[in-house]
There are 2 protein chains.
Amino acid sequence: MPSQTLPDDLDISHIRSSCATCSLRELCLPVGLNEEEIQILGNLASHKRKIPRGGYLHHAGSKFQSLFAIRSGFFKTCILEQDGRQQVTGFHMTGELLGLDAISGEMHTCDAVALEDSEACEIPFAKLEEISRTIPSLMHHFHKIMSREIVRDHGVMLLLGSMKAEERLATFLLNLSRRLVMRGYSEYNFNLRMTREEIGSYLGLKLETVSRAFSKLQDENIITIDNKQVQINDISRLKMKMGNSACLS
Amino acid sequence: MPSQTLPDDLDISHIRSSCATCSLRELCLPVGLNEEEIQILGNLASHKRKIPRGGYLHHAGSKFQSLFAIRSGFFKTCILEQDGRQQVTGFHMTGELLGLDAISGEMHTCDAVALEDSEACEIPFAKLEEISRTIPSLMHHFHKIMSREIVRDHGVMLLLGSMKAEERLATFLLNLSRRLVMRGYSEYNFNLRMTREEIGSYLGLKLETVSRAFSKLQDENIITIDNKQVQINDISRLKMKMGNSACLS
DNA sequence: TGCCTTGATTGATCTGAGTCAAAGCTATTC
DNA sequence: GAATAGCTTTGACTCAGATCAATCAAGGCA
């Protein structure tokens with residue numbers, strides 16, 4: 001799939017700049033947008049919206065109208081099953097996009113809940129579509145980004161199927177670490193925003209098993225864990241724990 | 001996401017009709033293409049290509065150049081792990097599209113192997129892109145379809161995480177049944193093209209566990225299974241076996 | 001300050017699925 | 001049609017992770 005670039009003489013003067021405080025550059029580069037696309041996106045985004053801990057960014061079943069760029073904070077996405085239990089489908093950190101769950105339909109398929117006080121910029125999808133009528137490559141590119149995120153998650157889930165608890169947890173930690181370092185945070189020292197139960201739900205384990213696996217990794221001096229604070233002491237041995245399934249892509 | 005329609009005065013006369021024998025209409029309607037799009041796709045597609053049992057439609061790591069419409073037969077997609085074991089990532093039947101695994105990159109991420117003598121039409125992606133430069137909605141639409149397929153699979157995998165063997169198998173059978181009936185085949189009576197081992201790999205179970213779960217469902221008179229021939233005797237009880245996680249979307 | 005809630009850890013026990021092994025069945029080949 | 005290789009089924013045993021339960025630590029708040 002050859003990637004198209006935007007025309008040099010691109011006129012975006014008609015786009016209302018509604019988010020003066022938003023510099024989306026450092027935010028969106030990791031997902032593969034080029035300068036012009038970031039500019040357009042930044043101009044589309046509304047001012048930061050505050051979401052308190054426990055607050056919702058979007059609900060399952062609600063109409064899909066916007067993508068959200070997380071400016072600060074941490075979110076989980078989850079679906080509520082018939083029996084009331086909730087299944088965590090993903091975690092999303094500062095600098096990532098939310099709302100991708102609705103990419104293939106008209107409705108959000110999951111809830112997005114803030115795990116700490118957070119801020120997000122809304123990017124109205126209608127405007128994105130409007131612009132992509134004049135700049136087809138933008139939407140094309142966007143779909144690619146979205147698919148990539150989904151495929152990445154999908155790949156991880158597939159591999160989890162055949163993994164043991166410890167392997168799953170190692171995979172999870174390394175995935176978090178990789179995403180944090182991409183955004184300029186510490187690779188070896190970070191704070192888990194979610195509970196053991198949420199980690200367990202995401203990985204298909206019970207909270208006790210998660211706790212035990214953490215303890216085991218600590219006993220082996222691979223990580224140090226104090227409640228929610230994680231320190232990776234030996235990343236190469238942690239990678240070995242992931243097993244053969246290896247690549248997170 | 002409002003769905004766009006193709007313009008009425010659409011000129012596709014410049015597109016070489018390369019697949020006179022292909023009527024893709026009944027093939028692609030289920031995935032949501034409209035008449036004109038099917039026409040375009042059909043004209044893009046090359047003549048049917050035969051793939052013998054065990055043959056490859058595409059390889060992991062090979063350059064992504066085409067999508068494939070399965071005209072007859074049955075495929076599995078799988079990835080080869082470092083240790084040589086193979087992980088089945090999906091099953092694909094007559095009327096479905098293959099090659100979607102490469103949607104977010106330049107390379108195929110998995111092998112596609114025929115589980116019986118099959119036929120497929122190749123749809124060169126470059127041509128699809130060329131056309132979508134004049135008809136932006138086509139690529140847009142296509143990306144949506146592809147994402148939907150991926151999201152669907154992703155959803156299933158997520159739910160599998162917390163499921164027991166019997167629930168996984170029920171989910172698997174009902175998924176097959178639903179896809180078969182969509183394409184005009186019997187809902188209650190069908191032939192499994194894959195081995196117990198392949199089912200197990202896909203569901204994260206061992207082949208013995210798959211076999212035992214089949215036997216148990218048969219003992220309970222929910223299905224009748226004779227080697228690869230499956231008959232669903234009581235679909236409502238089979239649905240109950242799926243558990244609360246329910247929806248396959 | 002002490003009460004109460006929420007989350008984390010750890011132990012004991014149980015169970016579902018993996019493992020190993022044997023035997024039966026099917027399909028393919030010559 | 002006999003020989004062979006590849007699937008499938010079933011049984012016995014084992015073990016990782018679920019379940020049940022107790023304890024502990026860290027806020028939040030009256």
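The sequence lines fix the lettering, A, B, ..., with proteins before strands; numbering per chain opens at 1.
A side-chain N or O of Gln229(B) and one of Asn189(B) form a donor-acceptor pair less than 3.5 Å apart.
Proximity of a side-chain donor or acceptor of Arg237(B) to a complementary backbone N or O of Glu220(B) within less than 3.5 Å is detected. A side-chain donor-acceptor contact under 3.5 Å links Thr89(A) to the backbone of Thr77(A).
OP1 or OP2 of dG7(C) has not a single side-chain nitrogen or oxygen of Thr195(A) nearer than 4.0 Å. Dashed line: the shortest gap from a side-chain N or O of Ser211(B) to OP1 or OP2 of dT9(D) is under 4.0 Å. The phosphate of dT10(D) has OP1 or OP2 within less than 4.0 Å of a side-chain N or O from Ser215(B). Proximity of Lys164(A) to the phosphate of dG17(D): no side-chain N or O atom is located under 4.0 Å from OP1 or OP2. Contact check, Lys228(A) against dA26(D): no side-chain N or O comes under 4.0 Å of OP1 or OP2.
Looking at heavy-atom distances under 4.0 Å, Lys216(B) makes no contact with the nucleic acid at all. Among the atoms of the strands shown, only primed sugar atoms or phosphate atoms (P, OP1, OP2) are found under 4.0 Å from some heavy atom of Leu205(A). Nucleic acid contact class of Gly204(B) (heavy atoms, under 4.0 Å, all strands): sugar-phosphate only.
Separating the CZ atom of Arg193(A) from the C1' atom of dA8(C) is a distance of 18 Å, rounded to the nearest angstrom. Between the NZ atom of Lys241(A) and the P atom of dA16(D) there is a distance of 12 Å, given to the nearest Å. Rounding to whole angstrom units, CE of residue Met163(B) and C1' of dA18(D) are separated by 17 Å. Atom C1' of nucleotide dC24(D) and atom CG of Asn227(A) are separated by 12 Å, given to the nearest angstrom. Between the CG atom of Leu192(B) and the P atom of dT9(D) there is a distance of 10 Å, rounded to whole Å. Distance CG (Asp219(B)) to P (dG11(D)): 10 Å, rounded to an integer number of Å. Atoms CG (Leu115(B)) and C1' (dC7(D)) sit 14 Å apart, rounded to a whole Å. One interatomic measurement links the two molecules: CG of Leu207(A) to P of dT10(C), which rounds to 13 Å at whole-angstrom precision.
The aromatic ring centres of Phe91(B) and Phe75(B) sit 6.0 Å or more apart.
Classification of the Phe64(A)-His108(A) ring pair by plane angle, with boundaries at 30° and 60°, yields perpendicular.
Side-chain N/O atoms of Arg196(A) and base N/O atoms of dT10(C) include no donor-acceptor pair closer than 3.5 Å. Scanning atom types as modelled, one donor and one acceptor separated by under 3.5 angstrom connect the side chain of Glu208(B) and the base of dC20(C). Scanning atom types as modelled, one donor and one acceptor separated by under 3.5 angstrom connect the side chain of Arg212(B) and the base of dT19(C).
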